[in-house]
Peer 1: 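The structure under discussion is supplied below as structure tokens; questions concerning it will follow.
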Amino acid sequence: MKQQEIHEVEQGIRPPESVKMTLEEFLEHDVEGYEYVKGELVPMPPPSREHGEISVNVIRYLDAYVYQNKLGRLYTAETTFQVGERVMKPDVAFVSTARLTGDKTKGFPIPPDLAVEGVSPSDVQSRVVEKTLAYLNAGTRLVWVLEPVSQTVTVYRSETDIEMLTRDDILTGGDVVPEFSCSVAHLFE
């Protein structure tokens with residue numbers, strides 16, 4: 001029955017909150033357009049054009065550096081990561097070379113080293129913070145939250161080590177992506 005229920009959710013016939021599943025079931029089915037939080041499917045609205053452009057800008061600057069320095073790989077929002085008891089799809093994620101193991105045909109059973117989330121018009125601030133804390137609590141070492149309205153990046157290194165950067169600041173990769181730096185303004189061009 002679960003496969004039929006998932007198909008009905010994907011087709012818009014059944015509301016996602018009516019389907020309860022385990023983490024293992026979600027990982028097995030990888031339901032398109034949803035993240036998994038505490039037994040429930042959470043819809044991921046399609047990103048806006050602005051959101052897509054900002055994500056591409058992050059990839060443009062970060063991927064060139066990561067690739068050139070053979071530090072690991074970047075992944076887009078199509079890639080799933082197990083983040084504690086959640087399955088999440090960060091807009092952009094970095095995984096260091098040392099942690100690139102396992103079956104490439106599936107998502108990651110681990111959280112990323114760096115998660116990048118862009119704030120969408122449909123996002124609620126408390127959900128963005130909850131998501132950020134979930135990453136950190138599961139072992140993600142660095143989270144960047146990009147806010148297009150204020151053109152700021154909030155950098156989370158832990159629950160207590162948080163920094164907000166403006167267009168005039170330089171974003172760095174800290175010890176997660178050593179020596180990476182980029183103007184915050186470039187991310188919002």
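Below, all heavy atoms of this structure are taken into account, side chains as well, without hydrogens, waters or symmetry copies. The structure displayed is predicted, hence computed values, not measured ones.
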Peer 1: Please indicate whether E130 has more than 12 foreign heavy atoms, meaning atoms of other residues, nucleotides or ligands, lying under 6.0 Å from its CD.
Peer 2: yes

Peer 1: Which atom pair, heavy atoms only, marks the closest approach of L71 to P178?
Peer 2: CD1-CD, 4.4 Å

Peer 1: Nearest 0.5 Å, please: how far is CD in E147 from OG1 in T166?
Peer 2: 13.5 Å

Peer 1: Can you check whether T80 reaches M88 side chain to side chain, under 4.5 Å on heavy atoms?
Peer 2: no

Peer 1: One pair to check against side-chain contact (heavy atoms from CB on, under 4.5 Å): L146 and V58. What are the steps and the verdict?
Peer 2: CA-CA 10 Å; L146 286 78; V58 170; 3.8 Å; yes

Peer 1: Would you please test I110 and Q82 for side-chain contact (heavy atoms from CB on, under 4.5 Å) and show each step?
Peer 2: CA-CA 5 Å; I110 58 171; Q82 187 170 337; over 6 Å; no

Peer 1: Could you check if a side-chain atom of V184 sits within less than 4.5 angstrom of a side-chain atom of T152, using non-hydrogen atoms only?
Peer 2: no

Peer 1: Return the orientation label for the Y75 and F81 ring planes: parallel under 30°, perpendicular over 60°, tilted otherwise.
Peer 2: perpendicular

Peer 1: Using 0.5 Å steps for rounding, measure from the CG atom of N57 to the CG atom of L62.
Peer 2: 12.0 Å

Peer 1: How long is the gap from OH on Y36 to NZ on K89, to the nearest 0.5 Å?
Peer 2: 14.0 Å

Peer 1: Determine whether L136 and Y156 make a side-chain contact, defined as any pair of heavy atoms from C-beta on separated by less than 4.5 Å.
Peer 2: yes

Peer 1: To the nearest 0.5 Å, what is the distance between SG on C182 and CZ on R60?
Peer 2: 10.0 Å

Peer 1: Please find the pair of heavy atoms, one from G84 and one from A138, that lie closest to each other, and give the distance.
Peer 2: N-CB, 3.6 Å

Peer 1: On a heavy-atom basis, which atom in F188 and which in P148 lie closest, and how many Å separate them?
Peer 2: CE2-CA, 3.7 Å

Peer 1: Quick one: do the H51 and D91 side chains pair a donor with an acceptor below 3.5 Å?
Peer 2: yes

Peer 1: Applying a strict under-4.5 Å side-chain criterion to I, L, V, M, F, W and Y, I'd like to know whether V83 and L100 cluster together.
Peer 2: yes

Peer 1: Is there a donor-acceptor pair closer than 3.5 Å between any side-chain N or O of D63 and the backbone N or O of I59?
Peer 2: no

Peer 1: Within the supplied structure, the quantity of interest is the number of heavy atoms (other residues, nucleotides, ligands) at a distance under 6.0 Å from E163 CD; does it exceed 12?
Peer 2: yes

Peer 1: Check the pair F108 / V95 against side-chain contact (heavy atoms from CB on, under 4.5 Å), numbers first and verdict last.
Peer 2: CA-CA 10 Å; F108 282 91; V95 178; 4.1 Å; yes

Peer 1: Considering non-hydrogen atoms only, spot the tightest contact between Y61 and E189 and give its length.
Peer 2: OH-OE1, 4.1 Å

Peer 1: Is a donor on one side and an acceptor on the other found under 3.5 Å between the side chain of N69 and the backbone of Y65?
Peer 2: yes

Peer 1: Which value, rounded to the nearest 0.5 Å, describes the distance between L114 atom CG and F180 atom CZ?
Peer 2: 9.0 Å

Peer 1: Mind running side chain to side chain donor-acceptor pair (under 3.5 Å) on S96 and D113 for me, showing each step along the way?
Peer 2: CA-CA 7 Å; S96 63; D113 292 290; 3.2 Å; yes

Peer 1: Can any side-chain N or O of T140 pair as donor or acceptor with the backbone N or O of L142 at less than 3.5 Å?
Peer 2: no

Peer 1: Indicate if Y135 and L133 have the same hydrophobic cluster label, given that clusters are the connected sets of ILVMFWY residues with side-chain heavy-atom separations under 4.5 angstrom.
Peer 2: yes

Peer 1: Go through the steps to decide whether L171 and W144 satisfy the test side-chain contact (heavy atoms from CB on, under 4.5 Å), and finish with yes or no.
Peer 2: CA-CA 9 Å; L171 176 64; W144 297 340; 3.6 Å; yes

Peer 1: Tell me, yes or no, whether the heavy-atom count around R73 atom CZ, taken from other residues, nucleotides or ligands under 6.0 Å, exceeds 12.
Peer 2: no

Peer 1: Could you tell me whether a side-chain N or O of R167 sits under 3.5 Å from a main-chain N or O of H186, the two making a donor and an acceptor?
Peer 2: no

Peer 1: Identify the two heavy atoms, one from I170 and one from S181, that lie closest to each other, and give their separation to 0.1 Å.
Peer 2: CG2-CB, 3.7 Å

Peer 1: So if I apply the side chain to side chain contact (heavy atoms under 4.5 Å, CB included) rule between V155 and each of I162, D169, L165, T172, which one comes out positive?
Peer 2: L165

Peer 1: Could you check whether E50 and S48, counting side-chain N and O atoms only, form a donor-acceptor pair closer than 3.5 Å?
Peer 2: no

Peer 1: In this structure, would V143 and V92 fall into the same cluster of hydrophobic residues linked by side-chain contacts under 4.5 Å?
Peer 2: no

Peer 1: If you round to the nearest 0.5 Å, how far is CD of E117 from NZ of K131?
Peer 2: 4.0 Å

Peer 1: Determine yes or no for a side-chain-to-main-chain donor-acceptor pair under 3.5 angstrom, with R99 supplying the side chain and P111 the backbone.
Peer 2: yes

Peer 1: Membership question, hydrophobic clusters at under 4.5 Å side-chain separation (ILVMFWY): are V145 and L187 in the same one?
Peer 2: no

